[in-house]
Amino acid sequence: MNKSQPSLSLQPFMRSSLEIKQQFLNFLASKGHRVVPSAPIVVKGDPTLMFTNAGMNQFKDFFLGNAVATEKRVANSQKCLRVSGKHNDLEEVGHDHYHHTMFEMLGNWSFGDYFKTDAIDWAWELLTEVYQLPKDRLYVTVFEGDAGSNIAFDQDAFDTWKQFLPADRIINGNKKDNFWEMGDTGPCGPCSEIHFDMRSDAEREQVSGATLVNTGDPEVIEIWNLVFMEFNRKADGSLEKLPAQHVDTGMGFERLTRVIQGKKSNYDTDIFSFIIDETSAVAGIKYGAAEASDIAFRVIADHIRAVSLCIADGQLPSNTGAGYVVRRILRRAVRYGYSYLNLSEPFLYRLIPSLAAYFSASFPELKAQQDFVSRVIKEEEASFFRTLSTGHCMILTVFRWI
Ligand code: SER
């Protein structure tokens, strides 16, 4: 381990991403949660949403009081896609090392059952006792309050965190960072985020991590968001108190794995490295050889997951709506391969077998439809490569999205 890497010396062994996920689910099960499957990544029947953008989407009606949950505590790993609407990370993908189009969100929920104290206690226990993350690299945020909305500082969250952390590692956050909303309307509430500082000891001595939380520093990153659902944002912008108080937590699985595995990049974890290795073998270019090709490798590794899981959930590429988004993500991956990896014939479809194998325990729908998904992607690629090779690329690249 070199000096610039965090010294996560408490790690007794390198856990695989799948072990990390299983530990999360086992831990929540031990706290009385029912582990449920991910909802489809493509949303049907909710006009406010095209794709699942958070683990709580499938539970929206429980929060709003429109339906009653039979299980009061649930947990899962949810397939999410953030490429449109309120939550859109597309432009960062591949250029940085920790934003994704498709990502897995590890979540636990309370529907009118436990609230802030248990959510915070368990988050701390999982991170520091089960995963054994070093406590002195963890920072948390709490909602500072908002006079305009008549919401007070979140004293309860602060007091609960204070049992575990000194006050200078509990940071006040504003409405932008610490009041989570699903969309323009819908359930929402103050939240408390957990951030991890991955910088070297020398860097940490020079600059306190507290000053870097939520500033875009690529090595001081949010890993978990605990939302305390108490309001419904109505179409006129006003907030209405919900009939009960709920918990909605979401932890970025790819970031968590990076932190536990002590990697500098999400793409260096075992979630992505096999995809990059395979693309590298196809292209005959090494990952790490140049910045432009590295970005292309990361874009492809990210986008192929999004595209294949959407198709496996029944959303084919098309010219309208959700299908158009899938088509644009796929074409973006092809364009990066064409422009920066000198690829001139279909290559994405070749990544599907190993991707399907990786996801076989969590999202078996991909393996079950592996041949179909590969065929759809290959045909899309072939058609787009024809367009690129006939010179339309000059016009098409004017649009960043394609
Ligand atoms: N809904 C919150 C989020 O997406 C926590 O799960 O961050």
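These numbers come from the heavy atoms of this one structure, side chains and all, not from hydrogens, waters or symmetry mates.
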Item to check | Side-chain (Thr257) to main-chain (Phe253) donor-acceptor, under 3.5 angstrom | outcome: yes
Next on the checklist: If we ignore hydrogens and angles and just use 3.5 Å, is the side chain of Thr279 paired with the main-chain N or O of Ile275 as donor and acceptor?
Outcome noted: yes
Item to check | Parallel, tilted or perpendicular: ring planes of Phe158 versus Phe153, cut at 30 and 60 degrees | outcome: tilted
Item to check | Gln261 side chain vs Met14 backbone, donor-acceptor pair below 3.5 Å | outcome: no
Checklist entry - Roughly how far, to the nearest 0.5 Å, is the OG atom of Ser38 from the CE atom of Met105? => result 11.0 Å
Next on the checklist: Looking at Phe363, I'd like to know if the NZ or CZ of Lys21 sits under 6.0 Å from its six-membered ring centre while staying within 45 degrees of the ring's axis.
Outcome noted: yes
Checklist entry - Do Arg199 and Glu219 meet the salt-bridge criterion of a basic N to acidic O distance under 4.0 Å? => result no
Next on the checklist: Could you check whether any side-chain N or O of Ser208 sits under 3.5 Å from a backbone N or O of Ala210, counting only pairs where one atom can act as donor and the other as acceptor?
Outcome noted: yes
Checklist entry - Looking at Asp118 and Lys31, does any basic side-chain N land under 4.0 Å from a carboxylate oxygen? => result no
Checklist entry - Around Asn150, counting heavy atoms of other residues, nucleotides and ligands shown, do more than 12 lie under 6.0 Å from its CG? => result no
Checklist entry - Is the Phe385 ring parallel, tilted or perpendicular to the Tyr338 ring (thresholds 30°, 60°)? => result tilted
Checklist entry - Counting N and O atoms only, with roles assigned by atom type, does the side chain of Thr249 sit under 3.5 Å from a partner on the main chain of Asn225, one being a donor and the other an acceptor? => result no
Checklist entry - Does Leu138 reach the side chain of Ile194, with side-chain heavy atoms less than 4.5 Å apart? => result yes
Item to check | Residues Phe62, Trp109; criterion ring-ring contact (aromatic ring centres under 6.0 Å, His included); working and verdict | outcome: CA-CA 10 Å; Phe62 299 153; Trp109 293 275; over 10 Å; no
Next on the checklist: As an exercise, state the distance from OH of Tyr358 to CZ of Arg305, rounded to the nearest 0.5 Å.
Outcome noted: 7.0 Å
Next on the checklist: Students often mix this up, so state it plainly: with edges at 30° and 60°, are the rings of Phe231 and Phe179 parallel, tilted or perpendicular?
Outcome noted: tilted
Checklist entry - Within the side chain of Asn178, is there an N or O that forms a donor-acceptor pair under 3.5 Å with the backbone of Cys191? => result yes
Next on the checklist: Taking ring pair (Phe, Tyr, Trp, His ring centres under 6.0 Å) as the criterion, tell me which of Phe27, Phe24, Trp122 meets it with His33.
Outcome noted: Trp122
Item to check | Parallel, tilted or perpendicular, as decided by the 30° and 60° cut-offs, for the rings of Tyr287 and Phe297 | outcome: perpendicular
Checklist entry - Phe164 ring centre to Lys135 NZ or CZ under 6.0 Å, with the angle to the axis within 45°? => result no
Checklist entry - Is Glu278 salt-bridged to Arg350, cutoff N-O under 4.0 Å? => result no
Next on the checklist: Tell me whether Asp201 is salt-bridged to Arg137, with the criterion being a basic N under 4.0 Å from an acidic carboxylate O.
Outcome noted: yes
